[in-house]
Amino acid sequence: MVLVAGTRDHTERLRGVVKQVLAPMGLRLSEAKTGVVHIDEGLDFLGFRIQRQTREGTNRAYVHTFPAKKALASIMRKVKTITRQGTNNALSDRLRQCNAVLRGWTNYFRHGVSSDTFGYLRHYTWWRVVRWLRRKHRRTGWKKLRARFLHHDGKTWVTGGAVELVDPMKVAVTRYRYRGDIPTPWTRETADAA
């Protein structure tokens with residue numbers, strides 16, 4: 001990914017320079033994967049959506065990185081596959097599978113603007129597991145299922161013995177914030193000396 005401050009013509013010229021640099025190494029730019037977009041349109045990169053948006057109530061624009069729709073669809077597909085498997089296994093086995101997938105995904109995306117996405121994923125996963133429980137215990141009423149499987153600190157949360165469903169909302173979202181000048185090893189003095 002290359003960021004250019006300029007016009008589309010600057011970007012096209014830079015693309016030619018990049019091709020010349022890569023050619024002696026036997027590398028080339030993939031036309032299918034190489035594109036030119038404005039930061040306001042946004043782009044997907046490594047599962048993140050990078051886009052400049054105006055903050056509500058102000059005229060200031062900020063660049064946000066958040067999970068892309070394709071990445072969210074991927075984790076939802078995995079959760080759906082796990083909760084569609086047969087009902088012969090114990091709830092704790094299903095929860096372990098879901099937890100492994102959810103922990104990995106949320107830890108990867110916790111460095112973006114992800115809390116809304118984590119909330120949506122929490123809701124989706126909870127309902128998928130509850131539907132699986134209702135299929136497993138068809139003749140058991142909702143009140144008995146809630147009393148047996150859905151409890152945690154006064155809230156309705158899924159637990160299967162010692163295993164509890166991971167709550168994506170409890171993953172701390174930590175964002176890098178630019179705070180002043182970042183030192184660089186290529187100062188003007190060393191460049192002039194060379």
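Positions are given from 1, in the same order as the sequence printed here. These numbers come from a predicted model, not from an experiment.
Summarising the local packing, OH of Tyr124 is surrounded by more than 12 heavy atoms from other residues, nucleotides or ligands at distances under 6.0 Å. By the 6.0 Å contact criterion, CZ on Arg28 is open, its count of non-hydrogen atoms from other residues, nucleotides or ligands being 12 or less. For Lys78, the NZ atom is loosely surrounded, since the number of other residues' heavy atoms within 6.0 Å does not exceed 12.
Taking NE2 from His137 and NZ from Lys144, the interatomic distance works out to 12.5 Å, rounded to the nearest 0.5 Å. How far OG1 of Thr106 is from CG of Asp167: 9.5 Å, rounded to the nearest 0.5 Å. The line from CG of Leu95 to CG of Leu165 is 5.5 Å long, rounded to the nearest 0.5 Å. Atom CD of Gln97 and atom OG of Ser92 lie 10.5 Å apart (nearest 0.5 Å). The line from OG1 of Thr117 to NZ of Lys69 is 10.5 Å long, rounded to the nearest 0.5 Å. To the nearest 0.5 Å, atoms CG (Leu14) and NZ (Lys19) are separated by 11.5 Å.
Between Arg13 and Asp9 the shortest side-chain heavy-atom distance falls below 4.5 Å. With contacts defined as side-chain heavy-atom distances shorter than 4.5 Å, the pair Lys170/Arg122 does not qualify. The side-chain heavy atoms of Phe66 and Gln51, taken from C-beta on, include a pair separated by under 4.5 Å. Looking only at side-chain heavy atoms (C-beta outward), Arg8 and Val36 come within less than 4.5 Å of each other. Counting heavy atoms from C-beta on, the side chains of Leu133 and Thr140 never come closer than 4.5 Å. No side-chain heavy atom of Trp105 sits under 4.5 Å from any side-chain heavy atom of Val171. Trp142 places a side-chain heavy atom less than 4.5 Å from the side chain of Arg134. Val129 has its side chain out of reach of Val79: every pair of non-hydrogen atoms, C-beta onward, lies at least 4.5 Å apart.
With sequence neighbours excluded, no residue forms a salt bridge (charged side-chain N to carboxylate O under 4.0 Å, His left out) with Asp116.
Using cut-offs of 30° and 60° on the angle between ring planes, the pair Trp127 and His123 is perpendicular.
For Asn89 against Trp132, the heavy-atom pair with the smallest separation is O-CH2, 3.5 Å. Across all their heavy atoms, Val173 and Gly112 have their closest contact at CG1-O, 3.0 Å. The two residues Ala71 and Gly47 come nearest to each other via the heavy atoms CB-O, 3.7 Å. Taking all atoms of both residues into account, the shortest heavy-atom contact from Lys136 to Thr87 is NZ-O, 2.7 Å. Of all heavy-atom pairs between Val37 and Gly42, the closest is CG2-O, 3.8 Å. Listed here is the closest heavy atom pair of Tyr120 and Met76: CE2-SD, 3.6 Å.
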* To do: Using the side chain to side chain contact (heavy atoms under 4.5 Å, CB included) rule, take Met25 and Leu22 through it: C-alpha gap first, then chi angles, then the decisive distance, then the call.
  => CA-CA 5 Å; Met25 294 183 264; Leu22 293 177; 3.9 Å; yes
* To do: Test side chain to side chain contact (heavy atoms under 4.5 Å, CB included) on Thr125 and Val166 and set out the steps.
  => CA-CA 9 Å; Thr125 305; Val166 167; over 6 Å; no
* **side chain to side chain contact (heavy atoms under 4.5 Å, CB included) between His111 and Thr174, worked out** => CA-CA 5 Å; His111 299 291; Thr174 57; 3.4 Å; yes
* Going through the distances and angles, do Arg84 and Arg128 end up as a side chain to side chain contact (heavy atoms under 4.5 Å, CB included)? -> CA-CA 9 Å; Arg84 272 195 160 176; Arg128 290 301 309 176; 3.5 Å; yes
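In summary, the aromatic rings of Phe48 and Phe109 are positioned with their centroids under 6.0 Å apart.
Side-chain atoms of Thr34 come within 3.5 Å of backbone atoms of Ser30 as a donor-acceptor pair (strictly under, hydrogens ignored).
When each of Arg94, Arg77, Arg96 is checked for a side-chain contact (heavy atoms from CB on, under 4.5 Å) with Ile82, only Arg94 meets the rule.
Hydrophobic clustering keeps Val113 apart from Ile75 (ILVMFWY residues linked when any side-chain heavy atoms are closer than 4.5 Å, directly or through intermediates).
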